[in-house]
> 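Got a structure for you, written out below as structure tokens; questions coming shortly.
Within every chain, numbering begins at 1; the chains are lettered A, B, ... in the order of the sequence lines, protein sequences first and strands thereafter.
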Amino acid sequence: MARARGRLRIVSWNINSVRLRAGLLPELVRALAPDVLCLQETKCPDDAFPHAEAEALGFRHRLVRGMKGYNGVAVLSRRPIAPLPEQPDWCGRGDCRYLGVSVDVPGEPLALHDFYVPAGGDIPDPEANPKFAHKLAFLAEATEWTRRAPPRRAVLLGDLNIAPLPEDVWSHRELLDVVSHTPVETEALTRWQRAGGWVDGVRRFVPEGEKLFTWWSYRARDWAASDRGRRLDHVWVSDDLAGALAGHAVLKPARGWANPSDHVPVMVELAL
DNA sequence: ATGGTAGAGATTCTA
């Protein structure tokens, strides 16, 4: 697909099993034409990753970090990519929730951080729920990591599993005690963002106050009719790239595809 | 107040 020189389309998608949904990738490419596609919840050991399907779509450069059954992240790219020298193992669990890559773009390379933040279980109390404690510890570690090395020419994206703004959920009042929108989580996410001067790329295009969701539960009878969504997936850019933000998309129709993920792809375009 | 669905892989966990 032809486009202006120096433009880079970056997509984040929690695909919820890359083996089950590799057949949806052509549809995604038709809709958003990503140059770099970052996946989460691939649920796929590295030796079983569907490389041939990605290669056939023109993603000649791929880095994957997966495991059996759970988690898993991957970066598929039309441009050359290389692993960043630092690959933090958040909370020391080795659970495949992060992949840092350097992307070959015009000018200096771009640093890209693909995250799958722990969902945190059902009970929003770190004393009663170890999964929630893990989520908060992960966020604290990532905040300190950002503080130690302020980002430049960098993109941080993925399923951050938190809807930070009142308009990032279908009902702010009803979700205040629901994991993903509790004050302790939204404040932690805001601290992380501010620690690095990260800019919320999508909210540069969709003003606060306007509802915006990237995830709809599988459990709804009719996800589109009830529209009880949350914005759990994010694309942040370092503040030196704020002026390069050139476009965005949230591919809501993907939630209605056959055998869909419960998350939809989120795209940001940069003019580099 | 409750339960609802989906995926992986093993008879249950995670989301």
> Specify the separation, in whole Å, of atom CH2 of Trp257(A) and atom P of dA6(B).
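Distance, rounded to whole Å: 18 Å.
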
> Give me the distance, rounded to whole Å, that separates dT11(B) from dG7(B) when you measure between the C1' atoms they each carry.
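My reading of the C1' atoms in dT11(B) and dG7(B) gives 15 Å.
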
> In whole angstrom, give me the gap between the P atoms of dA1(B) and dT12(B).
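Result for the P pair: 30 Å, nearest Å.
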
> In whole angstrom, what separates Trp216(A)'s CH2 from dA6(B)'s C1'?
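So the two atoms are 17 Å apart, to the nearest Å.
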
> Do any N or O atoms from the side chain of Asn71(A) and from the backbone of Asp95(A) form a donor-acceptor pair under 3.5 angstrom?
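Yes; at least one donor-acceptor contact below 3.5 Å.
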
> Any donor-acceptor pair under 3.5 Å linking the side chain of Ser102(A) with the backbone of Pro109(A)?
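Looks like no, no N/O pair under 3.5 Å.
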
> Assess, by modelled atom type and distance only, whether the side chains of Glu185(A) and Ser180(A) contain a donor and an acceptor separated by less than 3.5 Å.
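Short answer, no.
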
> Taking side chain to side chain contact (heavy atoms under 4.5 Å, CB included) as the criterion, tell me which of Lys211(A), Glu208(A), His172(A), Glu210(A) meets it with Leu165(A).
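Exactly one candidate clears the test, Glu208(A).
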
> Looking only at the side chains, is there a donor atom on one of His181(A) and Arg230(A) sitting less than 3.5 Å from an acceptor on the other?
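Judged by distance alone, the side chains do not pair up.
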
> Could I get the full list of side chain to side chain contact (heavy atoms under 4.5 Å, CB included) partners for Asp125(A), not counting sequence neighbours?
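With sequence neighbours excluded, Asp125(A) shows a side chain to side chain contact (heavy atoms under 4.5 Å, CB included) to Ile123(A), Glu127(A), Ala128(A), given in chain and number order.
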
> Take N1-N3 plus N6-O4 or O6-N4 for Watson-Crick, N1-O2 plus O6-N3 for G-U, both under 3.5 Å. Which runs of 3 or more such pairs involve DNA chain B?
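Correct response: B:5-8 with B:12-15.
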
> Please determine if Lys252(A) and Asp227(A) form a salt bridge, counting it only when a charged side-chain N lies under 4.0 Å from a carboxylate O.
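Asp227(A) and Lys252(A): salt-bridged.
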
> State the CD-CG distance between Glu27(A) and Leu251(A), to the nearest 0.5 angstrom.
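If I round to the nearest 0.5 Å, the distance is 8.5 Å.
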
> Need one value for Arg19(A): base, sugar-phosphate or nothing, where a base atom within 4.0 Å counts as base even if backbone is also close, heavy atoms only.
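Arg19(A): backbone/sugar contact only, no base atoms under 4.0 Å.
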
> Atom CG of Leu20(A) to atom C1' of dT5(B): distance rounded to whole Å?
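So the two atoms are 14 Å apart, to the nearest Å.
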
> In this structure, how many angstroms lie between the C1' atom of dA8(B) and the CZ atom of Arg21(A), rounded?
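Checked: the CZ to C1' distance equals 12 Å.
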
> Where each residue is assigned the nucleotide of DNA chain B containing its nearest heavy atom, which of Val18(A) and Ala220(A) is assigned the position nearer the 5′ end?
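The residue closer to the strand's 5' end, by nearest nucleotide, is Ala220(A).
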
> Find the distance Arg221(A):CZ to dT2(B):C1' and express it as a whole number of Å.
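One finds 11 Å between C1' of dT2(B) and CZ of Arg221(A), rounded.
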
> Could you run through nucleotides 10-15 of chain B and give me one letter per nucleotide, 5' to 3': B if any protein heavy atom sits under 4.0 Å from the base, S if only the sugar-phosphate is that close, - if neither?
S--BSB

> Considering only the P atoms, how many Å lie between dT2(B) and dA6(B), rounded to the nearest integer?
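These two P atoms come out 23 Å apart once rounded.
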
> Just by modelled atom types, is the Arg9(A) backbone N or O under 3.5 Å from a matching donor or acceptor in the Asp35(A) side chain?
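Indeed, once roles are kept as given, a pair shorter than 3.5 Å links the two residues.
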
> Expressed as a whole number of Å, how far does the C1' atom of dG9(B) sit from that of dT14(B)?
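Looking at atom C1' only, dG9(B) and dT14(B) are 12 Å apart.
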
